[in-house]
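The block underneath contains the structure these notes are about, expressed in structure tokens.
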Amino acid sequence: MSVSCGLECVLLVGCSRWAWKRCTYIGSDDSSSWPLATPEEFEPIPRVCRLILAVYESDLNHPQYSPPGGYGVKPEWVVKRVTYEQTQGHAPPYLIYADHDNHEIVLAIRGLNLVKESDYKLLLDNRLGMQMFDGGYVHHGLLKSATWLLDQESKTLERLWVENGRCYRMVFAGHSLGSGVAALLTVIVVNHRDRLADVPRSLVSCYALAPARCMSLNLAVKYADVIHSVILQDDFLPRTPTPLEDIFKSIFCLPCLLFGVCLRDTFIPEGRKLRDIRRLYAPGRMYHIVERKFCRCGRYPPEVRTAIPVDGRFEHIVLSCNATSDHGIIWIEREAEKALQRMKEMSSDTRTTAPKIQKLERLQTIEKEHKDALERAVSLNIPHATTNTEDKEESSLEKSAEACQDEIEDASQSKSADTGRETSWDEVVKKLYKRNESGKLLLKSDTDAPK
């Protein structure tokens with residue numbers, strides 16, 4: 001009897017400890033050790049949020065849902081707008097915008113539409129370990145969507161980049177479902193830059209807002225120099241290892257699903273998670289917007305933390321009433337703008353002295369963080385992790401103003417040659433694969449990868 005009572009007490013204490021840790025775990029704990037982001041690196045994010053919000057408008061000349069201060073979009077600079085009727089279910093709606101003020105060509109993709117069957121079909125077109133790509137695994141449906149989008153718009157993007165002097169940044173941005181499409185589109189582009197007028201890798205960027213888990217850990221770390229994920233405090237989607245297709249099958253019982261995933265993952269060792277190459281993660285460098293504190297009511301002035309985590313990459317579900325509301329693009333835009341203004345104010349307070357972090361020093365730090373993350377992935381024996389980024393031959397530090405000016409002068413001479421090239425992105429992607437006996441596409445260099 002005494003032994004039985006002792007075991008019951010141990011079990012009760014253990015369950016109570018687990019419940020206490022889970023209920024007191026808050027979103028800010030994921031990034032508690034990360035450094036703060038600088039205004040310079042975070043500055044494009046609120047602007048990108050507004051561009052994605054603009055995709056939801058039917059007429060930008062007479063906007064109905066604009067945020068405070070407006071979208072900051074000049075309708076005459078909108079090159080192209082594509083609706084659901086035009087994509088025919090292959091991709092979410094998007095727009096292409098030539099931002100001449102900030103020297104950017106932006107392709108912005110909207111998020112999941114809960115009433116559109118085509119969006120669900122895109123999400124459900126996947127199974128665990130179904131799609132190999134570039135030495136890892138990716139979401140099959142999102143990769144197909146990214147390939148289709150490039151087939152449709154690569155000539156437009158190439159033309160805009162060449163016409164604007166080959167110095168504009170190529171920016172791909174998306175929210176939720178669109179973030180996965182944008183991230184995989186970016187991976188394809190940086191691997192085949194020759195098919196897009198040889199745009200330098202240093203001029204390609206992706207901003208994934210409330211990102212979907214769309215690529216394996218080795219790819220998420222490898223492309224952290226070009227993909228930037230933005231997460232608002234307790235957002236459930238980047239933290240949920242359950243495949244996207246299962247999440248949205250259970251959308252009407254999402255709290256039950258999140259609690260079940262939380263309970264299940266408690267008993268899965270961290271090392272086992274890291275060694276499963278089929279497990280998908282949110283891509284790239286993380287920017288975590290933190291605005292709430294434990295046992296405090298209301299929202300506090302937001303701060304932004306950034307890092308390239310390898311282990312502990314938003315692996316814990318947060319049992320919070322804000323887990324779904326923090327996923328909304330409206331809240332992300334609002335809090336990102338507040339965070340940026342707060343960073344600028346803090347920076348201006350010390351304007352009379354030298355900045356704490358010089359811009360050049362921060363660029364060097366960002367590159368070092370990426371290199372350290374790659375080495376960390378290798379040291380943890382992450383499958384197919386490597387310290388080489390292969391085609392990262394040109395860093396942002398090496399892109400000087402003089403070189404840019406030379407490209408402007410040479411642009412007119414090479415324009416006709418660059419814009420006359422036909423590109424089939426579906427063929428480009430398929431070159432990375434070969435078919436097995438059942439006809440399934442496999443990555444050529446990774447046909448022996450563990451299933």
Side-chain angles (χ1 to χ4, degrees), residues 87-92 94 109-113 116-153 172 174-192 206 208 210-220 222-223 227 229 237-238 240-251 276-284 383-384 424-451:
T87 63
Q88 298 181 346
H90 293 289
Y94 59 91
I109 310 171
R110 67 158 285 167
L112 176 74
N113 188 333
K116 282 293 182 179
E117 182 182 354
S118 59
D119 282 3
Y120 287 102
K121 285 183 178 179
L122 196 155
L123 282 171
L124 297 175
D125 187 12
N126 189 59
R127 294 187 308 276
L128 185 65
M130 178 181 181
Q131 182 69 71
M132 297 184 69
F133 182 75
D134 193 26
Y137 283 88
V138 298
H139 188 285
H140 178 69
L142 297 181
L143 180 65
K144 283 177 59 179
S145 181
T147 305
W148 179 88
L149 204 155
L150 275 173
D151 263 332
Q152 300 299 310
E153 305 299 345
F172 305 108
H175 168 250
S176 189
L177 171 68
S179 70
V181 177
L184 293 178
L185 186 152
T186 303
V187 171
I188 298 172
V189 167
V190 298
N191 277 286
H192 300 284
C206 171
R213 289 187 166 225
C214 59
M215 61 181 68
S216 54
L217 184 55
N218 63 321
L219 299 182
K222 178 180 179 182
Y223 293 101
I227 302 177
S229 290
L237 191 60
T240 309
T242 303
L244 290 176
E245 59 272 18
D246 292 339
I247 291 176
F248 291 98
K249 283 178 185 175
S250 309
I251 189 65
D276 186 0
I277 193 174
R278 302 171 302 170
R279 187 180 177 92
L280 303 184
Y281 292 81
H384 298 209
S424 173
W425 287 93
D426 190 54
E427 294 178 3
V428 168
V429 172
K430 286 182 179 180
K431 286 180 180 179
L432 296 173
Y433 304 101
K434 71 177 184 180
R435 296 185 181 273
N436 61 11
E437 296 178 356
S438 63
K440 181 179 177 182
L441 289 172
L442 298 174
L443 188 67
K444 286 185 178 181
S445 61
D446 296 288
T447 51
D448 298 327
K451 302 284 197 300

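A donor-acceptor pair under 3.5 Å links the side-chain atoms of T186 to the main chain of A182, judged by distance alone. D119 places no side-chain N or O within donor-acceptor distance of the main-chain N or O of L112, the cut-off being under 3.5 Å. Checked by atom type and distance alone, the side chain of H140 never pairs as donor or acceptor with a backbone atom of Q131 at under 3.5 Å. R213 places no side-chain N or O within donor-acceptor distance of the main-chain N or O of A282, the cut-off being under 3.5 Å.
When all heavy atoms of H139 and L123 are compared, the closest pair comes out as NE2-O, 3.1 Å. Annotation for I277 and G135: closest pair CD1-O, 3.9 Å, computed over non-hydrogen atoms. A pairwise comparison of heavy atoms in A91 and T87 identifies O-OG1, 2.9 Å as the closest pair. The nearest pair of heavy atoms linking G136 to L219 is CA-CD1, 4.0 Å.
The line from CG of L280 to CG of L142 is 9.5 Å long, rounded to the nearest 0.5 Å. With rounding to the nearest 0.5 Å, the separation of NZ in K222 from CE in M215 is 10.5 Å. Put simply, CG on N113 and CG on L177 are 10.0 Å apart, with the number rounded to the nearest 0.5 Å. Atom OG of S145 is separated from atom NZ of K121 by 14.0 Å, given to the nearest 0.5 angstrom.
In summary, the side chains of Y137 and D276 do not present any donor paired with an acceptor at a separation below 3.5 Å, with no hydrogens or angles considered.
The aromatic rings of W148 and Y94 lie perpendicular to each other, with more than 60° between the two planes, well past the 30° mark.
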Q: May I have the step-by-step check of side chain to side chain contact (heavy atoms under 4.5 Å, CB included) for Y223 and D134, ending in yes or no?
A: CA-CA 11 Å; Y223 293 101; D134 193 26; 2.2 Å; yes

Q: Kindly determine whether I109 and L149 satisfy side chain to side chain contact (heavy atoms under 4.5 Å, CB included), including the steps that lead there.
A: CA-CA 10 Å; I109 310 171; L149 204 155; 3.9 Å; yes

(Q) Walk me through whether H192 and L150 qualify under side chain to side chain contact (heavy atoms under 4.5 Å, CB included). (A) CA-CA 11 Å; H192 300 284; L150 275 173; over 6 Å; no

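Annotation: salt bridge (Lys or Arg N to Asp or Glu O under 4.0 Å) contacts of K116 (sequence neighbours excluded): none.
Between E153 and L185 the shortest side-chain heavy-atom distance does not fall below 4.5 Å. Side-chain contact between L237 and S176: present, with at least one pair of heavy atoms (C-beta onward) separated by less than 4.5 Å. Using a 4.5 Å heavy-atom threshold, the side chains of V187 and I227 count as touching. Residues F133 and L184 are not in side-chain contact: their nearest non-hydrogen atoms beyond the backbone lie 4.5 Å or more apart.
Partner P283 forms a side-chain contact (heavy atoms from CB on, under 4.5 Å) with one of S179, C214, C206 and no other, that one being C214.
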